[in-house]
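Report on one structure; see the data block that follows.
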Amino acid sequence: MDSINILKGYGKVNDIDQRQPARRSILLAVAFSVGVLLTLTFGLLIGGGFMHDGSTESTASPIASEKAASLRTVCGVTLHPDSCFSSLSSLNCSMRPDPVYIFNLSLGVSLKELSNASLFMKHLKERSNDVHSNGALGDCETLLDDAQSHLNDSISAAALGPGEKVLSEMKMSNIQTLVSAAMTDQETCLDGLEELGSALLDEVRTMMQRSKEMMSNSLAIVAHMNDLYMKFQKGGMH
Ligand SMILES: *[C@@H]1O[C@H](CO)[C@@H](O)[C@H](O)[C@H]1NC(C)=O
Ligand SMILES: *[C@@H]1O[C@H](CO)[C@@H](O)[C@H](O)[C@H]1NC(C)=O
Ligand SMILES: *[C@@H]1O[C@H](CO)[C@@H](O)[C@H](O)[C@H]1NC(C)=O
Ligand SMILES: *[C@@H]1O[C@H](CO)[C@@H](O)[C@H](O)[C@H]1NC(C)=O
């Protein structure tokens, strides 16, 4: 299956540690230095009286830190863990320590970013007097509509039936196909502009960056779903 090969490009390679002991000690040293730096900075902040009392950030409620831990675990399998974490943690919704639930949130964010990109594309086309690019922009509009509909379908496909606790292999495979198709739609839009040598290429590429990263994150999460089930069970998070 082509989609499987495409998927291998997403997610982290986890065997760096075993293969490169030297690199590992460098990483440890860096991690240690960062830790020391953070401790110092934090000490300075408190010493300088920047914090009103002990109840701000440093002693976040157990619920908030459990939510952050779940998100970090899930986002840890992606290529863009920071954008993954910041977009999901800023959602105003209840959080469950459940990888399927968090995965579904990531699909929702992907769709939101894609519809923002699509809106932006429509505005760009309206204000563009670059006749040269207009055909390709029209294609892009259609492609982004298709991409949104694929993602919308992937959210339906991620719903669990009654009594179902995990996503079946069949569902995961369908979701991967749909999200990959949405990513391909975006790429095809960029290819069209590139072939024309359109002056708008960079602008459109920038505008699609967030949705591209978020879809890549969703693909990485679903590709690592079985690992995530295990992590959440072991951590007592399930
Ligand atoms: C978050 O959601 C709650 C309930 O849905 C709502 O009352 C609150 O105003 C929302 N907060 C923000 C910042 O949107
Ligand atoms: C997934 O998220 C969407 C909103 O993006 C929501 O409508 C749907 O109920 C969620 N599904 C599950 C299984 O949580
Ligand atoms: C998204 O999917 C739902 C459920 O399949 C459907 O009712 C809705 O019309 C779809 N929305 C779009 C914009 O495709
Ligand atoms: C929507 O897209 C525009 C253009 O890329 C960007 O500046 C803006 O931050 C986006 N908004 C959201 C909510 O993602």
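Reckoned from all heavy atoms, side chains included, excluding hydrogens, waters and symmetry mates. For ligands, and for the atoms within them, numbers begin at 1 and follow the listed sequence.
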Checklist entry - Which part of S156 is near ligand 3, with near meaning a heavy atom under 4.0 Å away: side chain, backbone, both or neither? => result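 Answer for S156: side chain.
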
Checklist entry - Are side-chain N/O atoms of E141 and S118 paired as donor and acceptor at under 3.5 Å? => result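 No pair is found: no donor N or O on one side chain lies under 3.5 Å from an acceptor on the other.
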
Item to check | Which of the ligand 4 atoms, numbered from 1, are nearer than 4.0 Å to a heavy atom of R210 | outcome: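 Answer, ordered by atom number: 14 (O).
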
Checklist entry - Can you get from V77 to F232 by hopping between Ile, Leu, Val, Met, Phe, Trp and Tyr side chains that sit under 4.5 Å apart? => result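 Hydrophobic grouping puts V77 with F232.
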
Next on the checklist: For E164, is there an ion pair with K171 - N to carboxylate O distance below 4.0 angstrom?
Outcome noted: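 A salt bridge is present here (some side-chain N lies under 4.0 Å from a carboxylate O).
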
Item to check | R127 with E203: basic N within carboxylate O range, under 4.0 Å | outcome: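 So R127 pairs with E203 through a salt bridge.
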
Checklist entry - Can you tell which of L151, N152, D153 gets a heavy atom nearest to atom 1 (C) of ligand 3? => result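 Going through L151, N152, D153 one by one, N152 has the nearest heavy atom to atom 1 (C) of ligand 3.
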
Item to check | Per atom 14 (O) of ligand 4, closest listed option by heavy atom (K112, E113, Q209, H123) | outcome: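 Result: the heavy atom closest to atom 14 (O) of ligand 4 is in E113.
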
Checklist entry - How long is the span from the CG atom in L151 to the CE atom in M214, to the nearest 0.5 Å? => result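 Between atom CG of L151 and atom CE of M214 there are 11.0 Å.
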
Checklist entry - Could you give the distance from CG (L88) to CD1 (I221), rounded to the nearest 0.5 Å? => result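 Here the rounded value is 6.5 Å.
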
Item to check | N or O contact, Y101 vs ligand 2, cut-off under 3.5 Å | outcome: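 Such a contact does not occur with ligand 2.
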
Next on the checklist: Can you report which non-hydrogen protein atom sits closest to atom 12 (C) of ligand 4, along with the distance?
Outcome noted: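 Looking only at protein heavy atoms, the one closest to atom 12 (C) of ligand 4 is N116 ND2, 3.2 Å.
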
Next on the checklist: Tell me whether atom 5 (O) of ligand 4 lies less than 4.0 Å from at least one protein heavy-atom position.
Outcome noted: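 Under the 4.0 Å cut-off, atom 5 (O) of ligand 4 does have protein heavy-atom neighbours.
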
